Asker: 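Mind having a look at this structure? Questions to follow.
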Amino acid sequence: MIENLVIVESPAKAKTIEKFLGKDFHVVSSFGHIRDLAKKNLGIDIEKDFAPVYEVPKEKAKIVSELRKAASEAKTVWIASDEDREGEAIAWHLANVLKLDLATTKRIVFHEITKEAISKAIENPRTIDMNLVNSQQARRILDRLVGFEISPVLWKKVQPSLSAGRVQSVAVRLIVERERDIISFKSESSFRVTGDFTKEAGNTDNGIIKAEASKRFPNEDDAREFLKLCCNTAYMVGGVTVKPGTRSPAPPFTTSTLQQEAFRKLGFSVSQTMAVAQKLYEAGKITYMRTDSTNLSKLALAKSREVIIAEFGEKYSKTRQFKTKTKGAQEAHEAIRPAYPDNTTVGGNNNEKRLYELIWKRTIASQMADAEIEKTTITIDMNNSPVKFSATGEVIKFDGFLKVYMESTDQENGDEERNTIPVVKKGLPLYYNSIAATQRFTIPPPRYTEASLVKKLEELGIGRPSTYAPTISTIQNRGYVLREDRPGEKRQIKILNLENGKIAATAKQEVAGKEKSKLFPQDIGMIVNDFLIENFSDIVDYNFTAEVEEQFDEIAMGDLKWTQMLRNFYGPFHKTIENTLEKKDRKTGTRVLGNHPQTGEPVSVRMGRFGPVAQIGNSDNDNKPRFASLTKNQLLETITLDEALNLFRLPRSLGMHEGEDMVIGVGKFGPYIRYKGKFFSLKKGIDDPYSVTMERALEIISEKNESEKNKIIKDFGEIMVLNGKYGPYLTKDKQNHRLPKGIDAQKLTREECLKIIEKSDKTKKTS
DNA sequence: CAGTGAGCGAGCTTCCGCTTGACTT
């Protein structure tokens with residue numbers, strides 16, 4: 001018989017807590033929720049006042065039966081799920097499923113896992129808060145209603161297997177709207193003038209003042225006129241201002257900020273960050289990684305202070321507690337921090353080490369002193385123009401937290417190089433060394449990365465730390481958006497250079513629109529988004545979540561009945577569903593682009609059964625229409641008539657070679673060459689299917705044949721030893737088999753191969 | 001492994017939040 005059973009949500013947490021509580025306490029974990037709405041059907045009885053139909057999912061059955069057993073053997077059960085809406089619901093479901101008495105079941109909470117916090121919690125048990133539970137039920141049921149009623153409408157009106165939801169549909173909307181901003185963006189250029197100045201004509205030994213003109217010039221002629229003035233003027237220091245300033249460290253990590261910084265500094269995807277953090281958490285190296293709180297425990301504050309003083313000295317320490325500003329934050333956990341701040345590094349694989357180091361630095365920096373900075377601005381006057389040049393330089397007087405950590409920004413331009421500038425006084429004459437007017441183009445708003453999308457969602461109060469990564473996976477799995485790199489396009493920029501009294505025009509190439517790991521909306525995402533905005537504008541409104549959250553809060557306070565809230569929502573919502581099903585047409589994203597220049601047939605694009613398609617002609621004529629799929633980077637929304645017509649140039653023949661036709665086409669896996677019944681892929685980013693020549697095609701074919709040859713190490717007929725991506729392997733009857741370690745593939749005999757295959761077959765069957 | 005784009009219709013798809021494995025390569 002156990003005296004006390006404590007149930008928490010996470011097994012790693014259970015382990016830690018058991019250490020603090022001693023022998024009389026047995027700590028187990030529920031592994032999150034143990035019950036949910038029925039998987040099949042709606043799982044809600046709307047007629048019976050939204051009565052939920054709860055069931056224990058199959059994968060939770062084992063845990064539940066273990067918990068039942070443990071609960072029946074314990075004298076007292078303490079439910080220590082997290083202190084938020086979901087945690088309270090977990091407690092209530094546990095009490096129900098374990099048949100505990102709601103009036104006497106001891107509910108305890110703690111925000112940090114320290115001995116002090118836990119002892120305090122044990123001394124102050126309460127009962128389960130039904131108002132909070134009901135606010136969770138309202139949240140859960142509302143999400144199910146939205147998802148399970150709108151998605152089937154999409155299956156009928158757009159395409160099967162699509163989905164919509166309170167969170168994912170807004171995420172897609174953000175990406176679609178950003179793309180449209182980019183599409184409608186018109187880039188303009190102007191000339192930016194920068195100059196290098198010195199104290200002595202032609203002598204750079206005493207330092208260079210790098211300055212920028214206060215005015216930009218709309219075109220080359222104006223820029224040239226200005227450079228002529230620059231050529232014939234006297235320069236003088238018009239003023240020097242020195243401004244002291246401070247910079248403060250960022251708060252410790254939450255899930256969202258960790259994802260952002262891990263992407264910017266380490267290049268991790270959102271899900272990768274979470275997977276690595278999970279490993280660190282399970283190893284007891286960091287605190288819980290799904291949190292919206294920037295709070296640090298007293299213990300963590302004290303430990304960090306010790307570390308900072310020992311490492312950098314007293315004046316680098318400044319203990320701070322950060323307030324969480326995020327909308328809808330529930331703060332059931334601490335910020336993400338090192339479990340033991342005195343460990344500057346940890347073991348584990350490389351990614352674990354790097355992420356840990358990032359967390360350590362961010363945490364420690366948050367407890368360090370402000371950096372003190374001195375910003376110097378020099379203005380340079382011209383005697384023949386009101387335009388002034390100005391140079392700024394920054395000197396760090398005291399580095400403070402910068403010694404450890406500097407937060408990154410999303411702007412990739414390293415434009416803000418921090419110069420130190422020479423000391424000068426007002427009235428000092430200066431001389432130009434060189435002045436350049438460089439053409440600059442305005443840039444469109446940036447596409448979202450996974451991490452910047454999470455940041456935006458968090459700002460809008462949409463989604464929770466535990467769902468950011470899954471949501472981003474969902475919208476990619478549905479095909480709504482795609483994470484991609486784009487090479488960008490080269491463009492010429494004009495430069496006017498003034499040196500030694502002469503103006504010379506040059507040009508430089510720059511790459512514009514290069515993208516790395518950005519989220520691009522796909523046609524189906526844009527069509528679904530438009531359909532939802534047309535028919536369910538209030539659900540995909542950016543404020544929808546905030547508005548329902550307010551009502552959930554009212555329910556939690558006991559000021560609103562949860563079934564009443566759902567009734568208010570469901571009435572009009574369900575009417576919209578029925579109305580849309582009944583009256584709205586299918587949405588295909590059709591655009592008529594014009595007529596075929598020769599035949600006059602209409603040319604259109606739309607979403608077809610197998611994806612976006614271009615079509616020439618209509619099926620009601622005697623002639624059958626012709627179809628061609630759009631290429632990967634084309635959008636229904638932006639494709640032009642010419643681009644669409646171009647798609648019909650494939651497949652095309654390159655002519656005969658050795659008596660066989662050679663054909664270029666585009667298939668499932670991209671552009672290919674078909675020759676003698678075999679397929680050869682064109683090289684991505686190198687070969688263009690519209691212009692590739694027979695000569696180049698033969699090159700690709702022989703290259704492929706060559707590597708095919710190298711692939712075969714031994715050929716015993718039905719058994720082959722092949723060279724694969726992961727080294728040599730065996731193949732027989734279309735089954736691949738790994739080679740045991742330490743075997744020389746070159747020396748294998750047929751008999752040895754048979755033995756290896758026999759063995760691997762056996763292990764496969766037994767496992 | 002590299003098409004497909006007519007129409008019928010059975011049976012399936014789908015949400016958000018809490019938590020980790022069990023899997024294959």
Side-chain angles (χ1 to χ4, degrees), chain A residues 8-14 29-37 39-44 57 59-60 62-63 81-82 84-91 93-94 136 139-156 159-169 274-275 278-279 281-282 288-290 330 332 462-468 470-471 474 477-478 539 545 588 606-615 619 624-629 650-651 663-674 677-682 724-726 729 736 738 764 767:
Chain A
V8 296
E9 292 183 37
S10 151
K13 204 169 168 181
S29 137
S30 75
F31 292 80
H33 274 293
I34 52 151
R35 277 207 313 195
D36 190 16
L37 295 176
K39 264 207 179 73
K40 282 195 175 168
N41 308 322
L42 195 58
I44 303 160
E59 63 271 20
K60 285 288 165 77
K62 198 176 154 218
I63 292 152
S81 46
D82 298 342
D84 56 19
R85 201 161 63 199
E86 298 297 327
E88 205 67 14
I90 289 173
H93 283 297
L94 278 169
Q136 192 275 349
R139 199 281 303 155
R140 180 67 190 92
I141 290 169
L142 179 119
D143 282 336
R144 174 56 74 88
L145 289 171
V146 168
F148 275 36
E149 292 215 350
I150 298 183
S151 298
V153 178
L154 293 177
W155 306 342
K156 276 218 165 104
Q159 232 176 50
S161 301
L162 296 174
S163 66
R166 175 177 57 83
V167 174
Q168 59 168 286
S169 296
M274 294 314 281
Q278 176 88 29
K279 280 262 181 279
Y281 169 66
E282 283 169 10
Y288 196 57
M289 64 281 152
R290 290 185 276 264
Q330 311 213 354
I462 297 172
R464 304 275 315 127
S466 67
T467 60
Y468 294 137
T471 299
T474 299
N477 290 340
R478 298 273 172 276
I539 305 290
T545 291
T588 57
R606 68 185 159 84
M607 184 53 82
R609 278 206 294 160
F610 311 108
V613 67
Q615 176 175 349
S619 43
K624 270 194 177 172
R626 295 158 61 211
F627 298 96
S629 291
L650 294 177
V663 175
I664 304 294
V666 176
K668 219 165 154 187
F669 310 114
Y672 63 85
I673 306 159
R674 199 179 69 220
K678 281 171 92 179
F679 291 89
F680 305 88
S681 287
L682 292 183
K725 226 177 8 182
Y726 311 110
Y729 66 97
N736 295 343
R738 237 191 325 206
K764 263 182 200 164
S767 65

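Convention: sequence-line order gives letters A, B, ...; per-chain numbering from 1. It should be emphasised that the depicted structure is a prediction, and the values quoted were computed from it without experimental measurement.
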Asker: Under the side chain to side chain contact (heavy atoms under 4.5 Å, CB included) test, which residues partner A:Tyr672, sequence neighbours left out?
Answerer: A:Arg674, A:Phe679
Asker: Ignoring backbone atoms, test whether A:Gln136 places a side-chain nitrogen or oxygen under 4.0 Å from the OP1 or OP2 oxygen of B:dG17.
Answerer: no
Asker: B:dG17 C1' sits how many Å from A:Ile462 CD1, rounded?
Answerer: 15 Å
Asker: Quote, to the nearest angstrom, the C1' distance that separates B:dT13 from B:dG9.
Answerer: 16 Å
Asker: Would you say A:Ser151 places a side-chain N or O within less than 4.0 Å of OP1 or OP2 belonging to B:dC15?
Answerer: no
Asker: With sequence neighbours excluded, tell me which residues meet salt bridge (Lys or Arg N to Asp or Glu O under 4.0 Å) with A:Arg290.
Answerer: none
Asker: Apply salt bridge (Lys or Arg N to Asp or Glu O under 4.0 Å) to A:Lys13 and list each qualifying residue two or more places apart in sequence or on a separate chain.
Answerer: A:Asp82
Asker: At a cut-off of 3.5 Å, list every protein nitrogen or oxygen paired with a nitrogen or oxygen from nucleotides 19-22 of chain B, distance to 0.1 Å.
Answerer:
unit_1 : atom_1 : unit_2   : atom_2 : d
B:dT19 : OP1    : A:Tyr288 : OH     : 2.6
B:dT19 : OP2    : A:Tyr288 : OH     : 2.6
B:dT19 : OP2    : A:Arg290 : NE     : 3.1
B:dT19 : O5'    : A:Tyr288 : OH     : 3.2
B:dT19 : O4'    : A:Gly32  : N      : 3.4
B:dT20 : OP1    : A:Ser10  : OG     : 2.4
B:dT20 : OP2    : A:Gln278 : NE2    : 3.3
B:dT20 : OP2    : A:Arg290 : NH2    : 2.8

Asker: For A:Thr467 and B:dC16, is the shortest distance between a side-chain N/O and OP1 or OP2 below 4.0 Å?
Answerer: no
Asker: Can you tell me which stems DNA chain B forms when a stem means 3 or more consecutive Watson-Crick or G-U pairs under 3.5 Å?
Answerer: none
Asker: With heavy-atom distances below 4.5 Å as the criterion, would you say the side chains of A:Ser169 and A:Ile539 are in contact?
Answerer: no
Asker: Nearest whole Å is fine: how far is B:dC15 P from A:Arg166 CZ?
Answerer: 13 Å
Asker: Please enumerate all residues that pass salt bridge (Lys or Arg N to Asp or Glu O under 4.0 Å) together with A:Lys40, with sequence neighbours excluded.
Answerer: none
Asker: Between the base of B:dC16 and the side chain of A:Arg139, is there a donor-acceptor distance below 3.5 Å?
Answerer: yes
Asker: What is the distance, rounded to the nearest whole Å, between atom CD1 of A:Ile141 and atom P of B:dT14?
Answerer: 21 Å
Asker: Give the rounded distance in Å between these two atoms: CZ of A:Arg85 and P of B:dC18.
Answerer: 8 Å
Asker: Does the protein touch nucleotides 2-13 of chain B at the base, only the backbone, or not at all? Give it as B, S and - per nucleotide, heavy atoms under 4.0 Å.
Answerer: BSBBS------B
Asker: Excluding sequence neighbours, so at least two apart, what forms ring pair (Phe, Tyr, Trp, His ring centres under 6.0 Å) with A:Tyr468?
Answerer: none
Asker: Taking C-beta and beyond as the side chain, do A:Arg464 and A:Gln330 meet within less than 4.5 Å on heavy atoms?
Answerer: yes
Asker: If you take all heavy atoms of A:Ile150 and A:Ala164, which pair is closest and at what distance?
Answerer: CG2-CB, 3.6 Å
Asker: Sequence neighbours left out, what passes side chain to side chain contact (heavy atoms under 4.5 Å, CB included) with A:Arg478? Give chain and number order.
Answerer: A:Ser163, A:Thr474, A:Tyr480
Asker: Find the distance A:Ile90:CD1 to B:dG17:C1' and express it as a whole number of Å.
Answerer: 8 Å
Asker: Looking across every strand, which nucleic acid part, if any, lies under 4.0 Å from A:Arg144 by heavy atom: base, sugar-phosphate, or nothing?
Answerer: base
Asker: A:Ala164 near the nucleic acid: base, sugar-phosphate alone, or nothing, with a heavy-atom cut-off under 4.0 Å?
Answerer: sugar-phosphate
Asker: Quick one: side chain to side chain contact (heavy atoms under 4.5 Å, CB included) partners of A:Val153, sequence neighbours excluded?
Answerer: A:Lys157, A:Phe531, A:Ile577, A:Thr580, A:Leu581
Asker: Run the salt bridge (Lys or Arg N to Asp or Glu O under 4.0 Å) test against A:Glu88 and tell me which residues pass, sequence neighbours left out.
Answerer: A:Arg107, A:Arg126
Asker: Remember a base hit wins even if backbone is also touched, and classify A:Gln168 as base, sugar-phosphate or nothing at under 4.0 Å, heavy atoms.
Answerer: sugar-phosphate
Asker: Can you sort out the partners of A:Asp143 under side chain to side chain contact (heavy atoms under 4.5 Å, CB included), two or more places apart, ordered by chain and number?
Answerer: A:Arg139, A:Arg140, A:Arg166
Asker: Starting at atom NE2 of A:His93, determine the distance to atom C1' of B:dC16, rounded to an integer number of angstrom.
Answerer: 13 Å
Asker: How is A:Gly463 classified with respect to the nucleic acid when contacts are heavy atoms under 4.0 Å: base, sugar-phosphate, or nothing?
Answerer: sugar-phosphate
Asker: Atom CE of A:Met274 and atom P of B:dC18: how far apart are they, to the nearest Å?
Answerer: 11 Å
Asker: For A:Ile539 and B:dC16, what is the distance between atoms CD1 and P respectively, to the nearest whole Å?
Answerer: 12 Å
